[in-house]
Asker: 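Dumping the structure here so I can ask a few things about it.
Atoms within a ligand are numbered from 1 in the order they appear, just like the ligands themselves.
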Amino acid sequence: MLVYIWSLVLLCSSARASTWIQYPSDGYATMTHYTLPLNFIPACGCVTNSTLYPTAAMSQMAYGSSQAYGPACGSCFNLTLVDAFLVSPKYYPNVTRSVVVKITDLCPLSKAGWCDPTTSKPNDGGAYINFDLSWPSTSISSDFFPSNATEYGYTDFGVWNVSYQVVSCQSWLGWNHTQALGSVASEGLGYDSCCPDDPSVNPNSTCPSYSDEHNLS
Ligand SMILES: *[C@@H]1O[C@H](CO)[C@@H](O)[C@H](O)[C@H]1NC(C)=O
Ligand SMILES: *[C@@H]1O[C@H](CO)[C@@H](O)[C@H](O)[C@H]1NC(C)=O
Ligand SMILES: *[C@@H]1O[C@H](CO)[C@@H](O)[C@H](O)[C@H]1NC(C)=O
Ligand SMILES: *[C@@H]1O[C@H](CO)[C@@H](O)[C@H](O)[C@H]1NC(C)=O
Ligand SMILES: *[C@@H]1O[C@H](CO)[C@@H](O)[C@H](O)[C@H]1NC(C)=O
Ligand SMILES: *[C@@H]1O[C@H](CO)[C@@H](O)[C@H](O)[C@H]1NC(C)=O
Ligand SMILES: *[C@@H]1O[C@H](CO)[C@@H](O)[C@H](O)[C@H]1NC(C)=O
């Protein structure tokens, strides 16, 4: 009986692990933005001073955990605005806007919304990853998102098509600020934290999946 239960547990956890999205190191994704308070400790458990530099939450199935830290934690991406596709006609900026973000937070999987992609279904922008940029931000200009209020009647398109590349965190604005790197001690957090400085340079530092480790769905 015990053996039977164990094999069920193993089956379930391997089924769960295989549902994470393995994304290529460059491609297209969608980008939204959200308000992350300064000095907040996001899901990965990165130090509060990481909020002083560009950070983003990643959609759950690409992030790799349903709670706390996941394999995406700490990794850095160069994101470049391509177009705002929810408006008609599509808006193409006449300036190139890029930002290197560090993933510090989880954008939970929901039944609908931009963080809903799964291995079998992209989001409404045809993307398998959504980056939820922490913006406004002390380190990203307030006019980062171009727009044309004359033509569209408002300035915040909300959702963008972006191109992304996995990059070394050495090009992240917080890299030279040691107080912005690392993770908080687990006491007081309720779970261990995992926020590697640069997993692209040391893959051994890649975080495990908290939800796989704890058999959570
Ligand atoms: C990010 O992408 C932009 C646009 O392609 C490019 O100009 C910039 O050099 C890239 N930055 C990094 C750090 O890769
Ligand atoms: C973008 O368009 C605006 C308005 O037409 C113009 O003022 C601005 O110079 C353009 N920027 C570039 C980089 O072409
Ligand atoms: C995003 O841009 C790429 C490259 O132009 C394009 O192939 C793709 O269809 C765009 N996606 C959306 C949702 O506009
Ligand atoms: C906004 O759109 C209008 C109408 O298409 C165009 O004439 C104007 O140059 C655009 N302005 C910017 C800042 O892109
Ligand atoms: C970090 O400091 C080095 C040495 O001064 C500099 O070359 C590099 O551009 C800085 N990196 C960032 C992301 O500011
Ligand atoms: C975070 O940065 C502030 C300055 O903005 C500094 O006063 C504070 O000591 C830093 N905290 C930590 C834990 O590094
Ligand atoms: C990663 O771990 C492997 C096996 O323990 C080791 O051989 C390798 O040197 C490590 N790589 C780095 C960059 O630390």
Side-chain angles (χ1 to χ4, degrees), residues 21 23-33 50 52-56 58-59 61-62 64 69 71-104 107 110 112-135 137 139-141 143-148 151-152 154 156-177 180-183 194-209 213:
I21 293 171
Y23 50 84
S25 60
D26 66 285
Y28 291 95
T30 53
M31 180 162 81
T32 49
H33 60 80
S50 62
L52 295 171
Y53 303 97
T55 64
M58 191 183 225
S59 47
M61 301 316 279
Y69 51 78
C73 285
S75 55
C76 293
F77 291 85
N78 186 25
L79 306 176
T80 304
L81 301 182
V82 176
D83 61 65
F85 58 92
L86 289 182
V87 284
S88 183
K90 245 179 171 180
Y91 174 78
Y92 293 93
N94 68 351
V95 286
T96 302
R97 289 280 159 78
S98 297
V99 61
V100 173
V101 297
K102 189 171 177 76
I103 302 300
T104 62
C107 183
S110 50
W114 298 100
C115 289
D116 71 351
T118 61
T119 47
S120 54
K121 192 189 74 60
N123 66 18
D124 288 348
Y128 287 90
I129 308 177
N130 184 65
F131 294 94
D132 204 7
L133 180 72
S134 166
W135 186 86
S137 162
S139 56
I140 304 172
S141 115
D143 68 356
F144 177 75
F145 292 102
S147 65
N148 186 336
E151 185 170 3
Y152 296 98
Y154 54 92
D156 186 353
F157 294 116
V159 188
W160 282 81
N161 181 20
V162 296
S163 66
Y164 73 84
Q165 296 89 38
V166 173
V167 295
S168 159
C169 291
Q170 288 174 25
S171 52
W172 182 55
L173 277 176
W175 182 256
N176 287 338
H177 304 270
L181 295 170
S183 34
C194 185
C195 189
D197 290 352
D198 193 358
S200 78
V201 167
N202 185 358
N204 290 359
S205 68
T206 300
C207 302
S209 165
E213 281 182 333

Asker: Pairing donors with acceptors under 3.5 angstrom, does anything connect the side chains of S171 and N78?
Answerer: no
Asker: Atoms of ligand 1 less than 4.0 Å from T80 heavy atoms?
Answerer: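 The atoms of ligand 1 under 4.0 Å from a heavy atom of T80 are 2 (O), 3 (C), 4 (C).
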Asker: Numbering the atoms of ligand 1 from 1, which are under 4.0 Å from a heavy atom of S171?
Answerer: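 In order of numbering, the contacting atoms are 13 (C).
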Asker: Would you please classify the geometry between the F145 ring and the H33 ring as parallel, tilted or perpendicular, with 30° and 60° separating the classes?
Answerer: tilted
Asker: Measure from atom 1 (C) of ligand 7 to the protein's non-hydrogen atoms and state whether any distance is below 4.0 Å.
Answerer: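 Under the 4.0 Å cut-off, atom 1 (C) of ligand 7 does have protein heavy-atom neighbours.
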Asker: Quick one: look up the protein heavy atom nearest atom 5 (O) of ligand 7 and list residue, atom name and how far away it is.
Answerer: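 The closest one turns out to be N204 ND2, 4.6 Å.
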Asker: Does an N or O from N78, backbone or side chain, lie closer than 3.5 Å to an N or O of ligand 1?
Answerer: yes
Asker: Return the closest protein heavy atom for atom 3 (C) of ligand 1 as residue, atom name and distance.
Answerer: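 Heavy-atom neighbour on the protein nearest atom 3 (C) of ligand 1: S98 OG, 3.3 Å.
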Asker: With a cut-off of 4.0 Å, which atoms of ligand 3 are near a heavy atom of N161?
Answerer: 1 (C), 2 (O), 3 (C), 8 (C), 10 (C), 11 (N), 12 (C), 14 (O)
Asker: Determine the interplanar angle of the F131 and Y164 rings, folded into 0 to 90°, and report it as parallel if under 30°, tilted if 30 to 60°, perpendicular if over 60°.
Answerer: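 It falls in the tilted class, 30° to 60°.
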Asker: Report yes if the SG atoms of C73 and C207 are separated by under 2.5 Å, and no otherwise.
Answerer: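 No disulfide here.
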Asker: Relative to each other, are the rings of H177 and Y53 parallel, tilted or perpendicular (30° and 60° limits)?
Answerer: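 If you compare the ring of H177 with that of Y53, the planes turn out parallel.
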Asker: Strictly inside 4.0 angstrom of atom 14 (O) of ligand 1, do you find any protein heavy atom?
Answerer: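 So atom 14 (O) of ligand 1 has protein heavy-atom neighbours under 4.0 Å.
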Asker: Whether the D197 and S205 side chains hold a donor-acceptor pair (N or O, under 3.5 Å, no angle test) is what I'd like checked.
Answerer: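 Checked: D197/S205 side chains show no N/O donor-acceptor pair below 3.5 Å.
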Asker: Is it true that D116 and S110 share a donor-acceptor pair across their side chains at a distance under 3.5 Å?
Answerer: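 There is no such pair (donor and acceptor under 3.5 Å, judged by atom type) between the side chains of S110 and D116.
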Asker: Calculate, to the nearest 0.5 Å, the distance between atoms OG and CD belonging to S163 and Q165 respectively.
Answerer: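 Between atom OG of S163 and atom CD of Q165 there are 5.0 Å.
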Asker: Indicate, with yes or no, whether the SG-to-SG separation of C107 and C115 is under 2.5 Å.
Answerer: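 Yes, C107 links to C115 through a disulfide.
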Asker: Which ligand 3 atoms are under 4.0 Å away from a heavy-atom of V82?
Answerer: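 In order of numbering, the contacting atoms are 2 (O).
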Asker: Take atom 11 (N) of ligand 1 and look for protein heavy atoms under 4.0 Å from it; say yes if you find one, no if not.
Answerer: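 When distances to the protein are checked, atom 11 (N) of ligand 1 has a heavy atom within 4.0 Å.
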Asker: Among all protein non-hydrogen atoms, which one is nearest to atom 9 (O) of ligand 3, and what is the separation to 0.1 Å?
Answerer: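 Of the protein heavy atoms, K90 NZ, 4.6 Å lies nearest.
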Asker: Does ligand 3 have any atom that is closer than 4.0 Å to a heavy atom of G125?
Answerer: yes
Asker: Give a yes or no on whether atom 7 (O) of ligand 7 lies under 4.0 Å from any heavy atom of the protein.
Answerer: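 Answer no: nothing from the protein, no heavy atom, is under 4.0 Å.
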Asker: What part of D83 sits under 4.0 Å from ligand 3 if we count only heavy atoms: the side chain, the backbone, both or neither?
Answerer: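 For D83, the contact with ligand 3 is made by the side chain alone.
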